[in-house]
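Scope of the values below: all heavy atoms of this structure, side chains included, with no hydrogens, waters or symmetry mates.
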Amino acid sequence: MENFGESSATEYRFGRRVRTEREKRGWTQADLASRLSEFGLALHPSAIAKIELRDVDRPRAIRLDEAEVIARVFGLTVDEMYESPEHRIQSLETKIGFFVGDFDRLVSDGAKILEEVSALLELSSEADRASLSARLSVPELGELLKTSAQLVDAVVFDAADRARQGLPSNESLMRMLPPSRFAAYRARQDQAVREDLTNGTEA
């Protein structure tokens, strides 16, 4: 693959991605051909095999109109089909960062809702409190929020510990979190450094 030009390299990535996405769905090449026909693209299974098989002297060229339909069948964009492994990793890092940030905001919103529910229960009569608590799923909501917050904390603390140890750690992901979580990340790093210094002194 080292001798591929830019065009050949991108087609190589596209062909390999076609095979990966097809196999991930458990489709045969005939299955994919059938689905492509539903989108108006007639490709014989043998043509799909040639698109996937790039390690040959004269691999089949991939036309742009074909690429667009193939990507659409997989629910992807053409850019995603052509992207390099490094670009795909960077894209996933960004998606994960936004997901963790959104997840943390949902946990925060859930905690505020639980506070409202608790205030409502305080104003309710003792006779109504149990049925109202069950109706609003208070125990389940509380447990869900507790578990979710622990998951976010685990991600933050793990990233801080890995960074402190010099291991690969995505600080850009941490920066996508709300300021309070990023502050917790920094605090965890500082705490870990202090513990290291203390342990070193005691030794």
Side-chain angles (χ1 to χ4, degrees), residues 17 20-27 31 35 38 71-77 79-81 83 87-203:
R17 188 70 184 269
T20 298
E21 296 297 331
R22 176 179 62 76
E23 292 181 343
K24 185 164 69 176
R25 292 162 175 75
W27 296 351
D31 292 333
R35 284 171 166 80
E38 295 173 7
R72 200 183 317 153
V73 165
F74 291 134
L76 300 169
T77 65
D79 286 343
E80 287 173 323
M81 293 291 292
E83 67 186 354
H87 183 273
R88 191 176 182 188
I89 291 170
Q90 291 173 355
S91 176
L92 285 170
E93 284 177 341
T94 301
K95 289 178 181 178
I96 290 170
F98 280 119
F99 171 77
V100 174
D102 289 344
F103 186 71
D104 190 50
R105 280 183 282 274
L106 281 173
V107 173
S108 178
D109 290 345
K112 292 174 184 176
I113 292 172
L114 191 58
E115 288 178 5
E116 290 184 41
V117 171
S118 298
L120 178 62
L121 291 176
E122 285 294 323
L123 296 174
S124 303
S125 67
E126 189 170 343
D128 294 336
R129 202 167 293 162
S131 61
L132 187 57
S133 176
R135 180 179 174 183
L136 296 176
S137 304
V138 174
E140 294 83 359
L141 178 59
E143 189 61 32
L144 176 62
L145 290 173
K146 178 182 175 182
T147 302
S148 300
Q150 289 172 342
L151 286 172
V152 177
D153 283 339
V155 171
V156 172
F157 291 167
D158 180 67
D161 290 343
R162 290 176 65 82
R164 187 256 308 175
Q165 296 173 49
L167 298 172
S169 180
N170 189 350
E171 185 160 309
S172 62
L173 183 150
M174 292 296 104
R175 291 183 182 279
M176 293 179 189
L177 293 175
S180 60
R181 287 292 184 181
F182 186 70
Y185 167 72
R186 287 299 193 203
R188 176 66 177 184
Q189 281 184 307
D190 293 341
Q191 177 189 350
V193 169
R194 286 195 298 271
E195 289 174 355
D196 284 349
L197 291 174
T198 301
N199 292 337
T201 302
E202 292 176 352

Would you check if [X] and [Y] make a side-chain contact, meaning some heavy-atom pair closer than 4.5 Å?
X      : Y      : result
Lys24  : Phe74  : no
Val107 : Leu151 : no
Leu141 : Leu136 : no

Inter-residue atom distance Thr20.OG1 - Arg25.CZ, 0.5 Å rounding: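 It comes to 10.5 Å.
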
Arg186: partners by salt bridge (charged side-chain N to carboxylate O under 4.0 Å, His left out), with sequence neighbours left out: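 Result, salt bridge (charged side-chain N to carboxylate O under 4.0 Å, His left out) vs Arg186: Glu171.
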
salt_bridge(Glu83, Arg17) N-O dist < 4.0 Å: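 Between Arg17 and Glu83 there is a salt bridge, with a charged N closer than 4.0 Å to a carboxylate O.
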
Pairs touching residues 109-136 that satisfy side chain to side chain donor-acceptor pair (under 3.5 Å), sequence neighbours left out: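 Counting only pairs at least two positions apart or across chains, the side chain to side chain donor-acceptor pair (under 3.5 Å) contacts touching residues 109-136 are Ser125-Asp128.
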
